[in-house]
Participant: 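Below you will find the structure I want to go over with you.
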Amino acid sequence: MNTIQWWCSAQPGQVWTWSFQAYPGIWIFMLAIGAAYAGALRWARGRERSATRKELTAFGVGYLLLWAVLDWPLGPLAAGYLLTAHMTQYLLIVLLIVPLLDAGMPGWMVRRVCSLPPLGWLVARPVVTFALLNGMMVATHLPVLVDALKPLQFGSMAIDLAWIGSALVFWWSVRTDAPEAERAARYGKRMLYVAGIKMLPIFLGAFFVFAEFPLFKTFELAARATPLSALEDQILAGLIMWMGTTPILLYRLGAAWFSWVALEARSSGP
Amino acid sequence: MAQTDEGVRPPSRDRARAGGRVPWIVCLLVAGALGWAGCRAETGDEAAAPSRWRGVPLEQPEPKPDFVLADTEGRPFDFRAETDGRMTLLLFGYTSCPDVCPVHLAQLAEVLGRYPELRRQVEVVFVGVDAARDTPERVRSFLDRFDERFVGLVGTPAELEAAQRAAGVPPAFVDQEWEGGYSVSHAGWILAYTADGMARLRYPFGTRQIDWEHDLRLLLAERTVPGQAPAGAAAPAVEAGALVIRDARIPEPASDVAALYLRVRNRDGTGDRLQSAATPVARRTMLHRTVNESGRASMRLASDGIPVPARGEVRLEPGGYHVMLSGLTQPLVRGMEVEVVLVFERAGTLRLRAPVVPPAAALDSHHAAHAHP
């Protein structure tokens with residue numbers, strides 16, 4: 001890779017090497033996120049608002065993980081060489097990193113962001129954000145779209161941002177946002193939504209696992225970065241999509257369940 | 001997920017109503033953009049494969065080339081004889097190739113490995129064109145990464161160039177000083193020879209496994225490509241003494257000027273010369289040669305005729321020698337056959353019928369070849 005790229009995209013005809021490649025656009029994007037978070041905390045300091053240590057830690061971990069999955073080496077591998085890397089990147093962003101970022105954002109910060117009408121409208125409708133997240137998952141795994149967008153830096157960035165954006169509004173929409181009296185019911189709904197995002201990957205993963213041929217031109221025609229053949233890479237990606245979501249979702253469902261139980265215990269207590 | 005007492009509250013009803021249209025508009029725009037991109041990708045694929053073949057049809061069917069190189073065991077390998085009667089895929093590449101050759105071979109290895117019935121009937125021959133580095137051991141080791149049954153061939157630079165010319169591909173070019181590195185430009189496509197010894201399709205870099213599987217089954221099932229008459233039927237070889245004329249054809253002209261292309265093979269130890277040509281469909285016929293001077297192509301009258309080397313072949317083809325037909329007396333449309341008379345210095349007069357074929361596909365060797373370090 002000889003030319004500087006600002007965002008990871010597929011490079012047809014380029015052989016994969018483990019030599020470091022800089023992606024300044026990703027650095028700028030990540031620095032902007034960090035600056036926005038720090039700026040929001042500074043703004044809040046004068047208004048007697050703050051973030052807890054737990055929130056700061058969650059955001060910090062999510063932030064570093066996001067940078068790691070977007071930047072070299074996982075970013076370019078996912079953009080044009082390995083479908084398994086693409087799938088890992090997707091699952092980490094949607095099911096781990098964005099929830100961590102969400103957990104790192106205090107309620108006042110989320111409310112502030114969601115004061116923008118489109119976001120507020122979306123976040124108030126979990127059905128829509130659920131559909132949006134699943135729609136983005138399907139769209140960004142359609143071969144025609146992936147093959148059309150991945151070789152373009154803007155296209156590749158659009159896919160990454162679509163994942164981050166749709167995951168953010170989904171996870172915001174299943175935060176506890178109701179008065180105390182309604183909270184128990186919302187825990188139940190939230191668990192249903194969270195469990196629901198497991199359904200589609202099962203079908204999509206099956207397509208990848210049982211396909212007779214590689215589905216994505218981008219990954220099929222890439223110079224092999226690992227000993228895996230194009231079809232083996234696709235099967236592994238399907239299995240990751242299939243099974244990879246399970247531990248994370250079980251953890252999140254479990255956390256929601258225990259929070260619910262704890263809330264019930266507090267409500268029925270003296 | 002953060003748990004806060006304040007939580008996230010929905011905006012007021014008015015604000016939600018005011019902003020309610022925006023997300024739908026955004027969703028519609030996103031859906032439209034995704035649909036457009038999808039359609040664009042779909043159209044692109046269709047444009048690349050207008051026929052029912054996924055490979056690229058050759059302008060004219062090409063007979064299997066006649067060359068002898070050494071296999072990876074050091075034995076002479078007569079390409080035509082050794083692959084006679086078998087579906088054969090021929091790739092001129094090099095073992096240090098970082099992308100095109102490994103991807104081509106990996107694609108073939110995967111498809112043939114998945115379908116044993118294809119594997120049994122298809123021979124894959126790889127010719128290492130980088131004579132300095134493509135040793136028999138290295139070629140064998142390279143091919144074994146994909147399929148141990150792939151045939152590897154090596155030769156001297158002169159033998160390799162002759163083999164590539166015989167197959168109708170631009171000879172590879174090794175540039176030792178390419179941007180401080182080492183560059184090999186070579187044809188990036190695979191020629192597919194059917195069991196009848198003719199190549200009618202080539203497969204450029206980017207051919208997908210599903211396309212290979214599709215075409216290989218068809219090619220094995222049919223001996224000729226529909227819509228393209230076999231060379232033997234459309235332009236039968238004509239012999240006169242030691243000369244054999246093959247592949248005569250006239251690309252359908254857009255004006256009243258046309259060109260006749262053919263190949264003349266001389267089996268004799270003495271050279272010959274094409275002195276003139278004539279046809280009833282043109283008022284004037286001239287022997288021309290296209291020459292490239294300082295990057296500009298210009299036509300020159302071959303006033304001394306066109307030499308036919310002893311025990312060799314001359315090709316009248318785009319970018320080289322050709323017979324110019326001007327002042328056409330009738331429209332030449334594809335499917336027609338034109339009577340042509342050729343006069344040779346030694347072999348004498350020779351008559352043949354040349355079919356009018358579709359205009360030449362834009363097969364530019366500079367575009368079709370690729371270079372990399």
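Note that the structure is predicted; figures quoted are calculated from it, not measured. Chain letters run A, B, ... following the sequence lines, proteins first and then strands; every chain starts at 1. FYI, side chains are in, hydrogens and waters are out, and symmetry mates aren't considered; it's all heavy atoms of this structure.
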Participant: With only heavy atoms counted, which part of Ala230(A) is less than 4.5 Å from chain B, the side chain, the backbone, both or neither?
Facilitator: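 Both backbone and side chain of Ala230(A) come within 4.5 Å of chain B.
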Participant: Answer yes or no: does atom CZ of Arg53(A) have more than 12 heavy-atom neighbours from other residues, nucleotides or ligands under 6.0 Å?
Facilitator: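 No, the 6.0 Å shell around CZ holds no more than 12 heavy atoms from other groups.
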Participant: Would you say the side chain of Arg208(B) lies within less than 4.5 Å of the side chain of Phe213(A), judging by non-hydrogen atoms?
Facilitator: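 Phe213(A) does not reach Arg208(B) side chain to side chain.
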Participant: Go through the steps to decide whether Arg224(A) and Val103(B) satisfy the test side-chain contact (heavy atoms from CB on, under 4.5 Å), and finish with yes or no.
Facilitator: CA-CA 8 Å; Arg224(A) 297 285 93 209; Val103(B) 170; over 6 Å; no
Participant: Side chain, backbone, both or neither: which part of Glu110(B) has a heavy atom under 4.5 Å from chain A?
Facilitator: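 Only the side chain of Glu110(B) comes within 4.5 Å of chain A.
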Participant: Kindly give the heavy-atom pair with the smallest separation between Pro98(B) and Ala223(A), and that separation in Å.
Facilitator: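 In this case the closest contact between Pro98(B) and Ala223(A) is O-CB, 4.0 Å.
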Participant: In terms of heavy-atom proximity below 4.5 Å to chain A, should Arg145(B) be classed as side chain, backbone, both, or neither?
Facilitator: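 Neither; nothing under 4.5 Å.
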Participant: Given heavy-atom pairs under 4.5 angstrom as the criterion, report whether the side chain, backbone, both or neither of Phe146(B) touches chain A.
Facilitator: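 Neither part.
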Participant: Would you give the length of the straight line joining atom CD1 of Ile210(B) to atom NZ of Lys217(A), rounded to the nearest 0.5 angstrom?
Facilitator: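 Atom-to-atom, Ile210(B):CD1 and Lys217(A):NZ are 12.5 Å apart.
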Participant: Nearest 0.5 angstrom please: Gln209(B) CD to Leu231(A) CG, how far?
Facilitator: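 Spacing of CD (Gln209(B)) from CG (Leu231(A)) equals 6.5 Å.
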Participant: Need one label for Ile159(A): side chain, backbone, both or neither, based on atoms under 4.5 Å from any heavy atom in chain B.
Facilitator: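 For Ile159(A), neither part sits under 4.5 Å from chain B.
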Participant: Measuring only between side-chain heavy atoms, which start at C-beta, is Leu221(A) closer than 4.5 Å to Gln107(B)?
Facilitator: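 Yes, at least one pair of side-chain atoms sits under 4.5 Å.
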